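Please read the structure below before turning to the comments.
Residue numbers start from 1 in every chain, and the chains themselves are labelled A, B, ... in the order their sequence lines are given, proteins ahead of strands. Computed from a predicted model, the values in this text were never measured in an experiment.
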Amino acid sequence: MAAQNPSTPPSSELPTVPFTQEGTELAKDTPAAPSRETTPPPLPPRPKIYGLLGDRPPTSGGLRVPSSAKRPGLQSKATTALSLGELHAQTNRDGSPASCQTRARGRSRSGSEVDDSASIRSFAPTMQADGDIESLLGEVLGDSEIQTWKIMGPQFPGGQSQGASIFGNGPEFEEAFEHEFDELTELETDGSNEELVVKQWKAKLKHFLVLSSAGKPIYSRHGDDRLISNYIGIIQTIISFYQGANDSLKGFTAGNVRFAILSKGPLNLVAISKLDESDQQLRVQLESLYMQILSTLTLPSLERMFKARASTDLRRPLQGTEILLSALADGFTRGSPSTLLSALECLKLRKSHRQVINNTLLKTRSPNLLYGLIVASGKLVSVVRPKKHSLHPGDLHLIFNMLFEAGSVKAGGGENWIPLCLPGFNNTGYLYMYVSFLNVNNTSEQVRERPSTSSGEDEVAILLISANKDGFFELKKMRDELVEQLDKNGSLAFMTAAIKRGRPSCTDIIPGTTLRHFLYKSRGNVQFTMPSFDPYFSTPIARRRLLTLYTHLHTHLHTRPTHLKIHHTTSGNCLTLAWTTPLFDLYAVAPGTTSRAALAQAANRVVQWVRREEERVFIIGGAVF
Amino acid sequence: MADTGAASAPKPSSSVKLVLLGEAAVGKSSLVMRFVNNDFQENKEPTIGAAFLTQKISLSTRTIKFEIWDTAGQERFASLAPMYYRNAQAALVVYDITKPSSFTKAQHWVSELQRQASPNIVIAVVGNKADLASNDPPPSTSAPISDGDGIVAVPTDGGEGELEDEEETIRKVPVRTAKAYADEEKALFFETSAKTGHNVAEVFTAIANQIPETALKGPRGAGGAQTQRTEERGRVDLGVRESGAKEGCAC
């Protein structure tokens, strides 16, 4: 948790870029800042609320017309064709000229142009159900627009705009998000296409940079060395300026972009985000990247390298792990409930079924085993562990990322023996992990490498971790016995069925509820559960928006010094609730037409449901030896 | 080589531990994937740690089950290599024909194996990504190859001379250099393409044939002498098969 002190006046203010130093987060420089269109200021709590209400003060008549609404939900809003444009113009003017860069302003302006043209013919689709948008608008819209509507389509079930416009990010955001994970065009050797490449680079919503304290580039999610070296130089200069004053820089804002910096020994990690995340959230992500680096190298060896030579080029020892770092980074950009909550998700299984699996693990446990895990489609099924060691969620996240996001391990189709350091467990040495993927549906079919974005559904992975580096065949033997037993006692079938069932929908949990989605984190178990993203959030962009919403809620609950217990927001499109108690954190989202009372009731019923299902949705204790 | 139908009684089978070594990104995992799954993926992600796979091949007199350790090529995994080549009966030392540094690295691996691994380990030096030098021996030059090891070098020389202009930018390790090196080290030598499948099965077959019967675990075959003859034949075959495949590739 980074200390954040929202309202201290700036201790140093550069002409265009307000810097934030250790412990002195500053409120956006001008009172007008909260109404900036694309980025509500991430830190000060008060303006954030405005942000959720459409980036405008609640007194404004446009409360139910979020500043960049492309999706009016009601026919009566037809008149806003004009007023929307006006609102936009106004927001742009208000958009804190002091810190808003020209580029940012340009973006907003183009955004409002889109709005204007969109609004002319905007209202037809909301009048009908999801399906038929294309045929209805076919004559009116050009191909590209149809494309846009199609993308947005699923977000408006029953004419209900699902959060599309409440974040102040419209088509331009969508466009950017769509290309977020595309590779940059290769920079020509003569630099002739540099302008194009830089443009693509700048359009990315999120960047992660890792550099050594001597300023050597170590990792960049986008762009090769030639492209980023200038930027690395600039960021290094800024960081070292503050380090020189013994007052290390934690973050700053430039235009609509938030920079968060994490300095860890010889490394500086930088997150650059247009996704409206708080410093604390960005720093959790940077921590995770740092843990990945430690996981490859171990802390002592990292320190030794830099002690021997401050100008060490860390890319060489990290060679081959860029995919792991990028898989983590892309997970954060897509939006990961697991990272947001720093918790794990478990496969929902009957208590008795999980008990059988636990016992099988204990029965087949081989002497050199430290941890044994069964993981199904990225969700934990069962754990066997020594009494005195629990598992660190951060470590598990690294492992899951390696196995399920980066495809290389399962691509081979064989068994794997992977040396890795689990920094949460012990950052000084390596453990050895045996990995075997079972294709539970069709064992004869070879497991194929899949694109890293796809969710590997019916995969069950057996992970056996030992401190003994020669333990492969021992653990392989354990795995063979384990799988045989699990097959015999029906556990594999239970797992397959549970995987097939997937997450329950909100209406499965609370019949007839208007609740669209929720996250429930059990604080004690460091685990979370949530309903299916379908049908309202099945596209990546819808999911990203939902996660942005959760990100905001999370910020409200967990940003010091304002510790809220319950946080409730209403906007034209969306009603949200964040609720924290010593036992759990709950975040819930419902459409704007829901009453507060109904949402509160739904939240209570979610809590009841979890209480009832606790031993199914969470692993309590696990198999301990 | 498989004469499956004929044998009503199962052929004796034995397992052979094989390790792949070589610089990162030369195509070790791709070779294995081609051999085990007959599959190929562009832009395969780097191996982490090591992968363990098995694949059987059927020779005329016995079945060999390869237990394959596909190791990661990155520098930081080098210290773990002894764990994988210890007790290995065969090693594939792979380099990328377009990358001279990988050939140097291959030579280091060969000498490490000769120093540290079991004394009678069968080593194959394998130049992968042969498809990139796609003009590699044109049919006309490889046609004269009929048999024997000695002749292999001749058309290869011709090929190289002919191809220098077009190929020099892509191919960086000449066949002749690598072949001469492998001969000197008494190692098998192949150029392969995991992408096209060229020579991949041949490498493994040649290794299987090269493994001395005495080194094999598991149930034995009937006559040692007979097996010996098979091996001889295997070794001679090797040259022919290699050039034959090359012919095919050049079309």
Check your understanding: Given that the side chain runs from C-beta out, which part of B:A50 has a heavy atom under 4.5 Å from chain A: side chain, backbone, both or neither?
Key -> both
Exercise for review: Would you mind checking which part of B:I68 comes under 4.5 Å of any heavy atom in chain A, side chain (CB onward), backbone (N, CA, C, O), both or neither?
Suggested key: neither
Point to revise | Neighbourhood of chain B inside residues 292-316 of chain A, taking heavy atoms under 4.5 Å as contact | key: A:T296, A:R316
Could you pull out the closest heavy-atom pair between [X] and [Y], with the gap in Å?
X: A:P419; Y: B:G49; answer: CD-CA, 3.6 Å
X: B:P46; Y: A:I323; answer: CD-CD1, 3.8 Å
X: A:Q319; Y: B:A24; answer: NE2-CB, 4.1 Å

**Study point:** Trace of the side-chain contact (heavy atoms from CB on, under 4.5 Å) decision for A:E415 with B:T54
**Key:** CA-CA 10 Å; A:E415 295 148 275; B:T54 58; over 6 Å; no
**Study point:** Residue part contacting chain B, namely of A:K476, when any heavy atom lies under 4.5 Å
**Key:** side chain
Review point. Does any heavy atom of chain B fall under 4.5 Å from the side chain of A:Y434, the backbone, both, or neither of them?
Key: neither
Find the distance between [atom1] ([X]) and [atom2] ([Y]) and round it off to the nearest 0.5 Å.
X: A:F472; Y: B:W69; atom1: CZ; atom2: CH2; value: 3.5 Å
X: A:L318; Y: B:R76; atom1: CG; atom2: CZ; value: 7.0 Å
X: B:E45; Y: A:M402; atom1: CD; atom2: CE; value: 11.5 Å

Check your understanding: Can you check side-chain contact (heavy atoms from CB on, under 4.5 Å) on A:T321 and B:I48, steps first, answer last?
Key -> CA-CA 8 Å; A:T321 62; B:I48 307 168; over 6 Å; no
Practice item. Please check if atom NZ in B:K65 has more than 12 non-hydrogen atoms from other residues, nucleotides or ligands closer than 6.0 Å. Key: no
Point to revise | Worked check of side-chain contact (heavy atoms from CB on, under 4.5 Å) between A:W417 and B:F52 | key: CA-CA 8 Å; A:W417 188 237; B:F52 181 78; over 6 Å; no
Practice item. Before giving the answer on side-chain contact (heavy atoms from CB on, under 4.5 Å), spell out for B:L80 and A:Y432 the whole-Å C-alpha distance, their side-chain angles and the decisive distance to 0.1 Å. Key: CA-CA 11 Å; B:L80 294 169; A:Y432 297 84; 4.0 Å; yes
